[in-house]
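Structure record follows, encoded as structure tokens.
One is the number of the first residue; the rest follow in order along the sequence.
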Amino acid sequence: MPDSTSQQVMDIRAGLSHALGAASTALDAARAGYTRAVDRLRRVTEAAEARRHKVAAARDTRLAEIDQQHKTDLAAYAEAAAAAADRAAPGAAGDPWDDWQPTPLDRAAELRIGRLLLPHPEDVPALVPLLDRGHVVVRGDRAAGDEVVAGLLLRALGTAPPGGVQIIGYDPEHLGGGLARFASLAPVNVLTFVGPGGLGSLLDDLTGQVRRINETVLAGEYTSLRELNVATHRRPEPWRIAVLLGAGDLSRAEQAQLQRLLRTGAACGVHLVIQGLPVPATEGVEFITAAPGDRAHMSSAGALPVRLDGGPPQPVVAATCRRIAEAVAAGPAPVALDSLLPQVEWQENSAAGLTAPLGDSPLGVPVPVTLSDYPPHALIAGPSGTGKTNLIYAWMGALAARYSPAELAFYLLDFKEGVSFARFAPGRRDQTWLPHVRLVGVNVNTDREFGLALLRFLGEELRRRADAAKRYEVTNLAELRAEDPEGSWPRIVAVIDEFQVLLSGRDAVEKEAVDLLEDLARRGRSQGIHMILASQDVSGIEALWGRPALVAQFSLRIALPRARRVLAEQNTAAESLPRYHAVVNADSGAVEANRVVRVPAAGDRERWNALQHRLWRRRPDDQPPRLFDGDVVPRLADSPDFRRLAPAEQMPAPVVLLGETIDVEARSARTVLRRAPGRNLAVLGTRTEEACAVLATAALSLAAQFPPEGARYSILCLDPDARPAAAALCAQLPDCGWYEHDNADWVLEDAAAESEASWPADRPHFLLIYAADGLPGGKSAADQLRTILRQGPERRIHVLGWWRGAALLREALGGPASRTDPIGSWVALDVHGSELAPFYPGTNTPTWYPRPWRALHFDRSVHRGAAVIIPYGVT
């Protein structure tokens, strides 16, 4: 028993021990499971948090992208809308009032009333379709509505040619006071009023106009007056705008007529602007609801609000109305330039002459004008504002469209202050040019030498043609072209506007110009060289009357309104001419040869550009015309001669460029620095900027001809005002020494020693002295400079110096009794001709009257006389 009990105790203990072990194992497993579960929970929680952050970041990124795309799209749409609005409402149709002026268009445009309030800063105009498109109803605040109506009317008037818009006002409440600002249009019937009780008759009359115009349109198988206008390039009817300002109800008949006009009027150019009358929503009607202040809504803009422009300023309204009234009173608007153009361009041959219409006769028939052996040359006259430049444009356009550049060449010169001819050459905005134009000279009223250069060039061309005619044994251009079909023999037309400037002065320029003109006028006719002289001043025409041999050659006379002395004395046809008209007379002004011409408006840049661009695309070469602008300082970097300079292994002598010559070809004035006595350059005058520019041009042109270390440069600056320019030049020159007052003796002693050496230096030494009359050191420095000037050039040492006066240079050479041989070339700035006598050959003095940014150049080795040049700008 005891054994059995012990055994049971042991079994129980073993069972308990086994149970405890199993429980401990289970507990450990449970704890491990718990730990794993907790870890998994942590990882799941962390993953969930990370995913939440990732999703939030992705959401934020996408929202930012969507927001940026929205902004980008909104900016693009706003920019596109603004661009579309600019195209739909150009010029007076859309310009703001602070920069507004009438700009007649060749098509109906939409009209601006304000700007759309977009969630974007882009200014997008709010436009109203009116002319040729529909009608406008203004509702809401009366004061704001009045300004909207006034703005619409002024823009419509400004986009149409004078008389192209007629306004009929109905204002029974204020008796026309709502349109009082346009009252100056009433005397010329551009504005008419209908009194109280006249609405019915007005609507009946407008309906009758629509019926009549519809019959005309349908007879031509068109659908609208606008389509007829596009097809024929001519608007036979003005736009009619009936402004109905009133309050109250309409009768049944009036309502019916109003609805007919709203449906059919726009296609016939009859439009309604209504304020204060009930109008139901109708297709083609724009409703503008104005709130007090400057806010409004438009039916075509949906929910987008509009900020209205202020009303047009009264001075602008008054000036525009006055201008329109004057133009309407003066007569019909000119025809378009297109009326002068042929259907197929560049088909005519100029062997026998040049013929092109200048405009229409009073009966609408084109009036041809010819330049040939007879009449050979033309004289144009007309006071300022009568259309002289427009007539020249029209004539040139008609000729250029008929004759190719191989048949016709233009040389254009304008002596008045302006750039009338600049449009024919490439510009900053428009890089095209008229292919026929070889030369354009503008702003040359102070550069008479350029006119002389053109006449010399034409004289050389005349001699070339005459020699060829003699070689082929023919007498005129037509025969020469038949014998030499491969030669380049276009007819030349030289246009000189305000030509009397060239013939004034009573000096050598005037004498040579008259001689050349007489020779060209007499002999050029047979060789295809034609002159067109124009003037707006009676004195200009009278400049020819004292030269009967010359004026007799100008048998083609063109007189603009109020022109005097250009026709025969008893011929007064020009006195009563309206604007855009001219008298063309091919018989030296005899009364019986008069032909009245209505000249097109060729000055319109858009129309002219269309022609020029079309011809430019057919140009035979890429050589633009030479443009000479007297108001522009030429740049050295643009000089063809400077661009051609390059280092050479063997150079006979370096060339110094000094400035641009006043010539037909763009050439540089130059001096050659040979190893010969006197091959130094002196710049004379007190204009520091120009003197520095000449020296810089000379030095940079020399540097372009030598490799680095190929020449030596020394700059001695003795004028503090010239120091910045001289220092800038020194920085651009290789192996350049810099000297001032305190060390001037170094470079002078060095150069003087080189000048007295037995052998020339191994490389040239160019000594540039700024204010050479300010040398320090007394007599020794002056003696050294004289030694360098006399002996240096033969030792390849050349002085390029600036003296602030001709007398100071003479003193530097040794005084009045000294020879001036050491100075072989000089450039005079503000130095009068009499002061240059010691440096000029013979006993004469050069004719020279200083003017800004012009200089007189003389080189004893090549010139018989001095020539005017333009210093280059080097910055």
Decide yes or no for [X] and [Y]: does some side-chain heavy atom of the first lie under 4.5 Å from some side-chain heavy atom of the second?
X	Y	result
Phe499	Leu517	no
Val190	Leu157	yes
Trp433	Leu627	no
Leu391	Val597	no
Pro561	Pro383	no
Arg626	Val664	no
Met396	Ile532	no
Glu510	Val514	yes

*Which class fits the ring pair Phe628 and Phe450: parallel under 30°, tilted 30 to 60°, perpendicular over 60°?*
parallel
Distance-only, no hydrogens or angles: does the [X] side chain make a donor-acceptor pair with backbone N or O of [Y] under 3.5 Å?
X	Y	result
Arg618	Arg614	no
Glu518	Leu516	no
Glu407	Ser350	yes
Thr159	Leu105	no
His436	Tyr403	yes
Gln612	Arg423	yes
Arg557	Leu379	no
Trp395	Asn390	no
His530	Val493	no
Glu479	Thr475	yes

Between [Y] and [X], is the closest basic N to carboxylate O distance under 4.0 Å?
X	Y	value
Asp484	Arg481	no
Arg456	Glu460	no
Glu483	Arg471	no
Glu348	Arg491	no

*Between Phe424 and Tyr393, is the gap from one ring center to the other below 6.0 Å?*
yes
Which pair of non-hydrogen atoms, one from [X] and one from [Y], has the smallest distance, and what is that distance?
X	Y	answer
Ala356	Leu399	CB-CD2, 3.7 Å
Asp447	Phe415	O-CE2, 4.1 Å
Ser184	Arg322	OG-N, 4.1 Å
Val591	Gln570	CG2-CG, 4.1 Å
Ala582	Leu560	CB-CD2, 3.9 Å
Phe554	Ala378	CD2-O, 3.3 Å

*asked:* Determine whether Leu358 and Val367 satisfy the following criterion, side-chain contact (heavy atoms from CB on, under 4.5 Å), listing intermediate values before the conclusion.
replied: CA-CA 6 Å; Leu358 192 55; Val367 177; 5.8 Å; no
*Of Ile662, Val868, Asp507, which meets side chain to side chain contact (heavy atoms under 4.5 Å, CB included) against Arg448?*
Asp507
*Is the Lys NZ or Arg CZ of Arg438 less than 6.0 Å from the centre of Phe457's six-membered ring, within 45° of the axis?*
no
*Is the charged tip of Arg619 near the ring of Trp616: under 6.0 Å from the six-membered ring centre and within 45° of its axis?*
yes
To the nearest 0.5 angstrom, please state how far the [atom1] atom of [X] sits from the [atom2] atom of [Y].
X	Y	atom1	atom2	answer
Asp515	Leu520	CG	CG	11.0 Å
Arg525	Leu462	CZ	CG	13.0 Å
Asp414	Ile392	CG	CD1	8.0 Å
Lys416	Ser535	NZ	OG	10.0 Å
Ile529	Leu458	CD1	CG	6.0 Å
Gln553	Asp519	CD	CG	10.5 Å

_Please evaluate residues Arg402 and Leu408 with respect to the criterion side-chain contact (heavy atoms from CB on, under 4.5 Å), reporting the C-alpha separation (whole Å), side-chain torsions for both, the decisive distance (0.1 Å), and the verdict._
CA-CA 9 Å; Arg402 283 167 172 75; Leu408 169 64; over 6 Å; no
*Verdict with supporting geometry, Glu461 and Arg464, salt bridge (Lys or Arg N to Asp or Glu O under 4.0 Å)*: CA-CA 5 Å; Glu461 178 64 18; Arg464 186 177 77 89; 2.8 Å; yes
*Mind running side-chain contact (heavy atoms from CB on, under 4.5 Å) on Leu556 and Val584 for me, showing each step along the way?*
CA-CA 7 Å; Leu556 177 59; Val584 177; 4.1 Å; yes
For [X], is the [atom1] atom crowded, meaning more than 12 foreign heavy atoms sit under 6.0 Å from it?
X	atom1	value
Glu606	CD	no
Tyr374	OH	yes
Gln431	CD	yes

Regarding [X] and [Y], is there a side-chain donor-to-acceptor distance under 3.5 Å anywhere?
X	Y	value
Gln500	Glu498	yes
Thr355	Thr370	yes
Asn476	Asp373	no

*Starting from the C-alpha separation in whole Å, work towards a yes-or-no answer on side-chain contact (heavy atoms from CB on, under 4.5 Å) for Leu413 and Leu502.*
CA-CA 11 Å; Leu413 202 58; Leu502 182 60; 5.7 Å; no
